[in-house]
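Before any comments, here is the structure.
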Amino acid sequence: MPGNVPITHYLFLSTALFTLGVIGVLARRNIVIILMSIELILNAVNINLVAFSRHLASVSGQAFAVFIIADAAAEAAVGLGIIIAMFRNRGTIQADELDLLKW
Amino acid sequence: MSYGAQILRLLPEAILTVFGVAIMLADPLVRRKRALGYLAVGGLVVALLGTVLMVQQGWWGPAFSGHILNDPFAVFFRVLFLLIGLLVVCSSFDYLETNAIHHGEYYALVLFSIVGQGLMAASVELVMIFIGLEISSIATYILAGFRTRDVKSSEAALKYFLLGSFATAFLLYGIALIFGATGTTHLAEIRAALRAGPMGPMAAVAAALMFVGFGFKVSAAPFQVWTPDVYEGSPSPVAGFMSAGPKAAAFAVFLRVYLTALQPVEGWFWLLWVSALLSMCIGNFGALVQTNIKRMLAYSSIAHAGYVLVAFAARSELGVAAVLFYMAAYAAMNLGAFIVVTHFGGEGERHVSIDDYTGLGHRQPALAAVLTIFLLSLIGIPLTGGFFGKFYIFQAALKAKLIGLTILGVLNSAVASYYYLRVIVVMYMREPAPTSPPAARVPGAISFVLSVAAIAVLYLGIFPGDVLQFATRSAAFFR
């Protein structure tokens, strides 16, 4: 592999990002930050895909990563719209104050 | 194969996309939004005819470099999704008007969601599966929050969106790992690669991560937490839609991925076993204590996902056929029950408590009678579709020597009869209270949809042969 960076380094980076994202979703209370943490997980996936794609010399992983970037944009658009609707009705975007429907 | 010949393998989806875009374009020009609803009905009917044409002309086989496979399995699910779409759209006209949220994009979103579901059922490649899943999910997230002025609806949409995209992220991480382990995203090639080489831990981790993603979408325990909240807060026709369409689509890809691509990874059988048991228990015992009928149906939907997972755990052709039959029966009976809830809820969904149904049998005998048919079918009483659905599931499980799971499943359905019967008792054996909501006239569209759903439930219960034969032929992909 060019640059002599072994695949395990990429996998380690991606696992670290994935873990950070999961902790962010579970521990943070602000919904926008939860959304950002989900994006972090998606980027961990992208790093994985691109690294594997390079390692296996198969371009389909990179194509997949492009689809994930497009999907993350669509998801963020819808998600922010829903967050705005929530804020209008409720005046808050703290996850622990979403208690009208009991968990 | 030419591009045109390939698109014919996706004919229903192509038709629905055209109609969905047309509805979006016509929305600002049309003042009577019901006309857009009729356009959506037209689109669904044309797509159904397109599916029939596809079968008659024999447009089977792979397309788009093997990403799409048009087989009987895909056709079975598409017909199911289109019929679900018809029932949902027809039952939404009056609901949207009563709640003053009659916007054209509602119909477009339902159509787009069905496009995504159809793609899921027909794809045999993980990238396509992911794209189909997202087309279906993103449309459903918006539909869940469609009562934009209602705080519960926004909250439901937000919870569904956050947990849904979280689960999708797990699914994607699993897909990335399986790509790394095998170097391909085609289901058949993944299976070949896993069978040929030594299997590292990466494939097992991938199978577990993808289980989280699919488990969430079919609302199987322990990923079921969102279901009661989202069903309670969403508009009732949308809750019915979510319990039928996206769930069946998720089961379709769940079956395809685990029974073809990940079939050599044996470990997931126990995940499935535990998840099936947990779903049945959490669903049924959770439903016992509910006072809101939408929450009760949500817990019952978790329990039914558990029954379906029992048939899935059989990992046989019989099991797959049982899953398909059950999805059809469940769609008819559960959607029917949700349509009654839609009509009965009235403006702003005020009447969604089980107590509101007190004495309904005396005040509106016809409405109470159809609801009774749906509830009896959900219990699994003979002569209804639910009975044969459960019968085939437990038969497949027994043939696969899943004795323990079958016994626990049957015990669970006995528990379940309590909370369904409670609604029937409240409707027939109590006098209407003075606080009971006034009897509203049942609009024509609702009565039509309810009769169709009731006839479908009884048809599946009395003549299950045709649908079962279709399901058995569709299950042939698993060999």
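Residue numbers begin at 1 in each chain, while the letters A, B, ... track the order of the sequences.
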Most contacts with chain A, counted as non-hydrogen pairs under 4.5 angstrom, among B:Ile142, B:Leu158, B:Leu126: B:Leu158
Choice from B:Gly174, B:Ala157, B:Gly145 maximising heavy atom contacts with chain A below 4.5 Å: B:Ala157
B:Glu232/B:Arg295 ion pair, N-O < 4.0 Å: yes
B:Glu349 with B:Lys152: basic N within carboxylate O range, under 4.0 Å: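 No, this pair does not count.
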Which of A:Ala63, A:Gly79, A:Gly21 touches chain B most, by non-hydrogen pairs under 4.5 Å: A:Gly79
Largest heavy-atom contact set with chain B, pairs under 4.5 Å, which of A:Ile41, A:Asn89, A:Leu56, A:Ile82: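 Between A:Ile41, A:Asn89, A:Leu56, A:Ile82, the count favours A:Asn89.
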Search all heavy atoms of [X] against all heavy atoms of [Y] and return the closest pair with its distance.
X	Y	result
B:Leu143	B:Tyr106	CD2-CD1, 3.7 Å
B:Thr17	B:Phe112	O-CE2, 4.1 Å
B:Gly164	B:Tyr141	C-OH, 3.4 Å
B:Ser243	B:Gly240	OG-O, 2.8 Å

Given a strict heavy-atom distance threshold of 4.5 Å, which part of [X] is in contact with chain A: side chain, backbone, both, or neither?
X	value
B:Thr148	backbone
B:Ile175	side chain
B:Phe161	side chain
B:Met202	side chain
B:Asn292	neither

Heavy-atom proximity to chain B below 4.5 Å, by part of A:Ser14: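 For A:Ser14, heavy atoms of backbone and side chain both lie under 4.5 Å from chain B.
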Side chain to side chain, A:Ile7 and A:Arg54, heavy atoms closer than 4.5 Å: no
